[in-house]
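None of these values were measured; they are calculated from a predicted model. Atoms within a ligand are numbered from 1 in the order they appear, just like the ligands themselves.
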Amino acid sequence: MNPETQLTHLGRPQSGPVNTPVYRASTIVFDSLAEFVDAREHPRHALTYGRYGTPTTFELENLVATLEGAAAAALAPSGLAAVSTSLQAFLRPGDHLLMPHSVYGPARRFALGLAEWGVETSFYPPDCGADIAGHLRANTRVVYLESPGSLTFDMQDIPAIAGVCRKRGIVTIADNTWATPLYFQPLRHGVDVSINAATKYIVGHSDAMLGTIAATQAAWPAIERTVNLLGVCVGPDDAFLASRGLRTLAVRLEKHARNALDVARWLQDRPEVAQVCYPPLPEDPGNAIWKRDFQGASGLMGVSLRPQVGPENFARLVDALRIFRLGGSWGGYESLIFPIDTQALHGSAPESEGPYFRLHIGLEHAADMIDDLRGAFDAAGLGQSLHLSGSNHE
Ligand SMILES: *Cc1c(COP(=O)(O)O)cnc(C)c1O
């Protein structure tokens with residue numbers, strides 16, 4: 001089955017109502033002692049207790065595992081909970097953790113907090129490829145990956161990094177949120193654990209928080225044990241919304257990506273724009289890896305303005321936008337702008353020192369988005385005040 005067919009046919013009943021019902025359960029009652037004992041021995045394989053799941057969550061976990069090419073998958077109450085649970089599954093006092101400079105900020109903060117548990121974290125350049133070997137220590141237990149990275153969209157050579165780590169028995173965990181399991185499958189490139197902020201494209205409608213953790217056969221026991229020990233579980237309504245979101249993931253992503261490329265090309269021609277950070281652009285430093293490893297793109301990009309664009313211009317630009325709303329998160333159907341403090345970027349940054357922001361390109365008509373951006377650039381008075389015209393190619 002192709003992934004589009006998996007998205008429509010798996011993870012739901014094959015007869016009766018089309019969708020898996022929303023099971024609300026804590027207590028499960030049994031007919032016999034034998035059934036009770038059997039369920040307690042395999043808590044995530046049968047109805048045992050609400051915390052271990054119901055058909056609503058089992059069906060979603062199985063669909064995610066199939067898409068990721070994983071042995072099994074678990075759900076977490078947020079993307080960040082998927083990150084923290086996966087790290088706790090493998091790290092012990094005395095261990096060393098490596099993260100890319102461009103890692104998602106809250107994941108960075110969690111990792112640094114692990115110092116209180118005796119785990120040391122250091123950071124590596126996301127574009128290091130097989131040179132990751134030079135950053136490994138005798139006690140390196142986990143190498144974390146995120147491609148493209150948060151905010152700066154640096155692509156990573158995941159097969160090269162994962163290859164070095166697997167040879168040395170080092171666990172790799174990849175944050176796959178930007179590509180979704182539809183357009184990249186880290187486990188098929190040598191990674192041990194793939195996590196997703198399902199809050200973004202999988203839920204897809206900005207109305208629920210959820211994370212997924214998919215693992216290889218070898219990595220799954222540590223994930224399952226930690227999920228069970230910590231009591232990581234999700235509500236049935238959120239699982240239902242994620243299952244519903246997955247049904248349309250393929251058509252939504254196609255449109256997000258088409259719109260994003262139109263907007264990115266338009267932005268590249270604006271005189272105020274120094275750089276558009278979006279791996280599908282041929283000019284992007286990560287384009288070759290993106291083309292080699294990914295089957296598609298989503299709608300999230302970084303936009304760096306020229307240093308001549310001051311903070312007042314930038315504030316006028318943001319405030320003039322009507323279709324792009326100012327807000328965090330992404331992956332819903334709607335377009336968003338999110339200003340980024342470049343002072344807070346670690347180790348990887350856009351080339352220009354001008355204002356930097358992230359755009360999530362939604363499902364609106366691309367022409368309306370471009371009109372909105374054009375109006376905002378004009379309202380900011382940037383082109384005129386800078387005496388710029390025509391082209392940013394210098
Ligand atoms: C949003 C995000 C997360 C965290 O997901 P939440 O559901 O918001 O906790 C993790 N990684 C990346 C790359 C994200 O963008």
Side-chain angles (χ1 to χ4, degrees), residues 60 64 68 73-88 97 99-113 123 126 142 144-156 158 172-184 186 191 193-214 227 230 232-235 237-239 241-242 245-246 249 253 256 260 277-279 286 290 294 297-302 327-332 334 336-340 344-346 348 357-362:
L60 175 58
V64 168
E68 294 266 16
L75 304 176
S78 68
L80 184 57
V83 173
S84 59
T85 302
S86 302
L87 290 172
Q88 285 182 90
L97 162 66
M99 285 192 142
H101 286 303
S102 50
V103 69
Y104 177 65
R108 159 188 290 265
R109 287 194 285 279
F110 178 79
L112 292 173
F123 297 87
V142 173
Y144 191 91
L145 303 134
E146 185 184 326
S147 182
S150 281
L151 306 182
T152 46
F153 303 93
D154 315 74
M155 289 295 299
Q156 296 198 259
I158 288 187
T172 47
I173 301 173
D175 184 329
N176 194 34
T177 303
W178 187 90
T180 83
L182 195 63
Y183 287 158
F184 186 62
V191 170
V193 178
S194 172
I195 69 110
N196 270 269
T199 306
K200 311 291 169 54
Y201 286 113
I202 291 178
V203 167
H205 295 72
S206 305
D207 51 9
M209 306 293 300
L210 205 79
T212 65
I213 310 169
V227 164
L230 292 175
V232 170
C233 62
V234 308
D237 294 290
D238 295 339
L241 288 172
L246 274 171
L249 182 66
L253 281 180
H256 282 294
C277 303
Y278 187 55
W290 175 78
F294 285 34
S298 62
L300 195 72
M301 65 181 72
S329 200
W330 45 282
E334 80 288 9
L336 295 167
I337 182 168
F338 185 75
I340 295 160
L345 293 174
H346 303 267
S348 73
F357 58 93
R358 189 181 71 187
L359 288 182
H360 177 249
I361 307 300

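- In summary, the atoms of ligand 1 found under 4.0 Å from a heavy atom of Ser78, numbered by their order in the structure, are 7 (O), 9 (O).
- Note: His101 and Phe123 have parallel aromatic rings, judged against thresholds of 30 and 60 degrees for the angle between ring planes.
- The single protein non-hydrogen atom nearest to atom 7 (O) of ligand 1 is Thr199 OG1, 2.6 Å, given as residue, atom name and distance.
- The closest approach between Val83 and ligand 1 stays at or above 4.0 Å for every heavy atom of the residue.
- In this structure, the side chains of Pro181 and Ile202 come closer than 4.5 Å at one or more pairs of heavy atoms.
- Here the shortest heavy-atom distance to atom 2 (C) of ligand 1, taken over Glu146, Met209, Lys200, Arg358, belongs to Lys200.
- Which of Asp175, Val103, Leu151, Leu210 comes nearest to atom 11 (N) of ligand 1 through a heavy atom is settled by distance: it is Asp175.
- Residues Asp238 and Leu75 are not in side-chain contact: their nearest non-hydrogen atoms beyond the backbone lie 4.5 Å or more apart.
- The side-chain heavy atoms of Thr177 and Tyr104, taken from C-beta on, include no pair separated by under 4.5 Å.
- If you look at Tyr183 and Phe294, their ring centroids are not closer than 6.0 Å.
- Within the 4.0 Å heavy-atom criterion, both parts of Leu80, backbone and side chain, lie near ligand 1.
- Considering both main-chain and side-chain atoms, Gly79 comes within under 3.5 Å of ligand 1 through a nitrogen or oxygen pair.
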Practice problem: For Leu300 and Phe338, run side chain to side chain contact (heavy atoms under 4.5 Å, CB included): C-alpha distance rounded to whole Å, both residues' side-chain angles, the deciding distance at 0.1 Å, then the answer. | Solution: CA-CA 11 Å; Leu300 195 72; Phe338 185 75; over 6 Å; no

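- Residues Trp178 and Phe153 have side chains in contact (heavy-atom distance under 4.5 Å, counting atoms from C-beta outward).
- Every atom of ligand 1 with a heavy atom of Ala197 under 4.0 Å away is listed here by number and element: 2 (C), 3 (C), 4 (C), 5 (O), 10 (C).
- Only the side chain of Trp330 comes within 4.0 Å of ligand 1, counting heavy atoms alone; its backbone N, CA, C and O stay farther away.
- Residue Ser150 places a heavy atom under 4.0 Å from ligand 1.
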